[in-house]
Amino acid sequence: MRLPSYFSFHKLVNVFLRISAIGSKFIVFTYLSKYFTDIEFGNYSLITSLVTIMIFVLGLDFYNFSIRDILKTKETSQIQKNIVSTVLLYLVIYTVFFVLGWAVFNQINFTKEYAFLIIALCVTEHFSQEIYRFLVGFNKVLFANILLFLRTFIWGTYVLFLSYMSKSISIEFILKIWTVSNALTILITLVSSLKYIDSKSISINYNWISKGLKVSSLFFISTIFLKLIEYANRFVVDIFLGKEMVGVYTFYSSIAILITVYINTIVISFELPNILKASNEAQDQQLFPKFKKSLLVQNIVISIILLLIIYPILWWQNKPIFQEFQPILYFMIIGVVLMNYSLYYHFKLYVKHFDMQLVKTIVVSGIISLVLAIIATKYFGIYGAALAFSLSGGVLFYCRYYEVKKLKL
């Protein structure tokens, strides 16, 4: 009887660490919406959005191939070689990114002042994420979540402490401490991994990488277009409405996206592994209805919670511009809920290996989303941007639903 109890407690600790880490970032983000001027917060919002997008660009979704292949490998020496090859691939990508990033970011108004810091943050944030994924893949979930907790909770708490002590906080300072926190957790991981590394394994497997890049290309295209749906509206708002409105839009968008974080933590991480392990149609028929119900129930639960807590947040924030446009949160929650609920159909396609259909649904939705965002924002302002996001969620839901029904899955 102790074993199930142990695993329940173990999962509870992991969920607590993950939610605390993500929650601390949200608390800092919310605090900065009050502390910064509207233009400063708009700039900070665009930078954090850019960093988030670049994490996925830098990864090329190579992880989808590498971890699956590495976990299937039995020979320890080959596992080490493949891990080292992955790291060396990322070092090449980082080098190219530094050159291109320096050239591009120095030409953009909201990034040119922090070009080097943004590049460093993108690289360390991406590599930290890859470490987290590999640790989870090798069943080192607790260690992975402890590192995640350390690299987010500590710097966030430090920022709040400095503010409490009436110390000045700038965008530059936040980018620096965020990057340093990432670097420290990377260093901890590397030091703890040294004993497992054989010097003979330090070489690059070109054939393996070439194969991986081909396999990952479909996932990469899907990821980029999905991030287009989630984040492109923020940059469109900047173009048509300016930095103040970007801050408002991103604030409410970040609150709505907490739904996705919650669903990934509470539903996906626990129920998806069982679905992927299902070996026959009978098991699918049993697990998928439960998964669908969990998605529906948990989406409703977290949406209600967010709608309740927004009012005390706005009262504490005490900024008229955020209070004036509070209704856009309703549109964004609808959009995020539709996206998350459509995961039921997404994974129906995924487990049956209908990869092209998966890509098609996201690419089509991404293109429609961008067109809607541009038109709606230009003619209807910030409410148009929020409505476009909500409609984009509906488009993605319909595209995934349509493919599943067409294939009779």
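Numbering of residues begins at 1 and proceeds along the displayed sequence. Every value quoted in this text rests on a predicted model; they were computed, and no experiment measured them.
- Considering only heavy atoms from C-beta on, F291 stays 4.5 Å or farther from K348 through its side chain.
- When the shell of 6.0 Å around CZ of F138 is examined, it contains more than 12 heavy atoms from other residues, nucleotides or ligands.
- Taking 4.5 Å as the limit, some side-chain heavy atom of W208 sits within range of a side-chain heavy atom of T86.
- Y341 approaches N299 most closely through the heavy-atom pair N-ND2, 4.0 Å.
- For F251 and F322, the distance between ring centers is under 6.0 angstrom.
- In plain terms, the two heavy atoms of Q129 and I55 that are nearest each other are NE2-CG2, 3.4 Å.
- Residues Q317 and S33 have side chains in contact (heavy-atom distance under 4.5 Å, counting atoms from C-beta outward).
- Between F235 and F110, the two ring planes are tilted [angle within 30° to 60°].
- Applying the side-chain hydrogen bond (donor to acceptor under 3.5 Å, both in side chains) test between Y249 and each of D238, N233, T377 identifies N233 as the sole match.
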Margin query: Set out, in order, the CA-CA distance, both residues' side-chain angles and the distance that settles side-chain contact (heavy atoms from CB on, under 4.5 Å) for R133 and I67, then state yes or no.
Written below: CA-CA 8 Å; R133 286 171 161 180; I67 190 62; over 6 Å; no
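- Between the side chain of K81 and the backbone N or O of N205 there is no donor-acceptor pair closer than 3.5 Å.
- When all heavy atoms of G59 and H126 are compared, the pair lying nearest together is CA-NE2, 3.1 Å.
- Here the side chain of S216 pairs no donor or acceptor atom with the backbone of L213 at under 3.5 angstrom.
- For F397 and Y345, the ring centers sit closer than 6.0 Å to each other.
- Checked against the 6.0 Å centroid threshold, F62 and F65 count as a close aromatic pair.
- Between the CG atom in L343 and the OG1 atom in T260 there is a gap of 8.0 Å [rounded to 0.5 Å].
- In terms of modelled atom types and a separation under 3.5 Å, the side chain of T48 and the main chain of S45 share a donor-acceptor contact.
- Around atom CZ of F240, more than 12 heavy atoms belonging to other residues, nucleotides or ligands sit under 6.0 Å away.
- In terms of heavy atoms, L396 sits closest to T361 at CD1-O, 4.1 Å.
- In this structure, F173 has its ring center no closer than 6.0 Å to that of W155.
- Side-chain contact between I263 and V336: absent, with no pair of heavy atoms (C-beta onward) separated by less than 4.5 Å.
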Next item on the list: Applying side-chain contact (heavy atoms from CB on, under 4.5 Å), run through I328 and F389 and close with a yes or a no.
Entry: CA-CA 10 Å; I328 69 173; F389 181 80; over 6 Å; no
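- Between S181 and T152 there is no side-chain heavy-atom pair separated by less than 4.5 Å.
- With values rounded to the nearest 0.5 angstrom, I53 atom CD1 is found 6.5 Å from S49 atom OG.
- For the atom pair CD1 (I174) and OG1 (T179), the distance works out to 11.5 Å, reported to the nearest 0.5 Å.
- T189 places a side-chain N or O within 3.5 Å of a backbone atom of T185 that can act as its donor or acceptor partner.
- Rounded to the nearest 0.5 angstrom, I83 CD1 and Q78 CD are separated by 10.5 Å.
- By the 30° and 60° cut-offs, the orientation of the rings of W102 relative to F98 is parallel.
- T111 contributes no side-chain N or O that, together with a main-chain N or O of Q107, makes up a donor-acceptor pair within less than 3.5 Å.
- Summarising the local packing, CD of E113 is surrounded by 12 or fewer heavy atoms from other residues, nucleotides or ligands at distances under 6.0 Å.
- Environment of CD1 in I39: sparse, with no more than 12 heavy atoms of neighbouring residues, nucleotides or ligands closer than 6.0 Å.
- Less than 6.0 angstrom separates the ring centroid of F41 from the ring centroid of F29.
- In this structure, the separation between CG on L295 and OG on S342 is 9.0 Å, given to the nearest 0.5 Å.
- Ring orientation note: the planes of F161 and Y158 are close to parallel, at an angle under 30° on the 30°/60° scale.
- One finds the CD1 atom of I177 at 11.0 Å from the CG atom of L175 (value rounded to the nearest 0.5 Å).
- Of the possible polar contacts, one joining the Q323 side chain to the L314 backbone as a donor-acceptor pair under 3.5 Å is found.
- Checked for salt-bridge contact, E125 and R151 meet the test: a charged N lies under 4.0 Å from a carboxylate O.
- By the neighbour-count criterion of 12 heavy atoms within 6.0 Å, atom NZ of K176 is sparsely surrounded, having that number or fewer from other residues, nucleotides or ligands.
- Within a 6.0 Å sphere centred on CZ of F16, heavy atoms belonging to other residues, nucleotides or ligands number 12 at most.
- W316 approaches K34 most closely through the heavy-atom pair O-NZ, 3.0 Å.
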Checklist line | Test log, rule side-chain contact (heavy atoms from CB on, under 4.5 Å), inputs L358 and F354 | finding: CA-CA 6 Å; L358 282 172; F354 287 106; 5.6 Å; no
Item checked: Residues N145, Y132; criterion side-chain contact (heavy atoms from CB on, under 4.5 Å); working and verdict -> CA-CA 8 Å; N145 283 318; Y132 180 87; 2.8 Å; yes
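- Residues I368 and V364 form a side-chain contact, since some pair of their non-hydrogen atoms from C-beta on lies under 4.5 Å apart.
- Taking the side chain as every heavy atom from C-beta outward, E271 and L287 never approach each other to under 4.5 Å.
- Nearest heavy atoms, L241 versus I382: CD1-N, 3.4 Å.
- Within the 4.5 Å cutoff, the side chain of F219 has no heavy atoms near those of the Y63 side chain.
- Proximity of a side-chain donor or acceptor of Y90 to a complementary backbone N or O of E130 within less than 3.5 Å is not detected.
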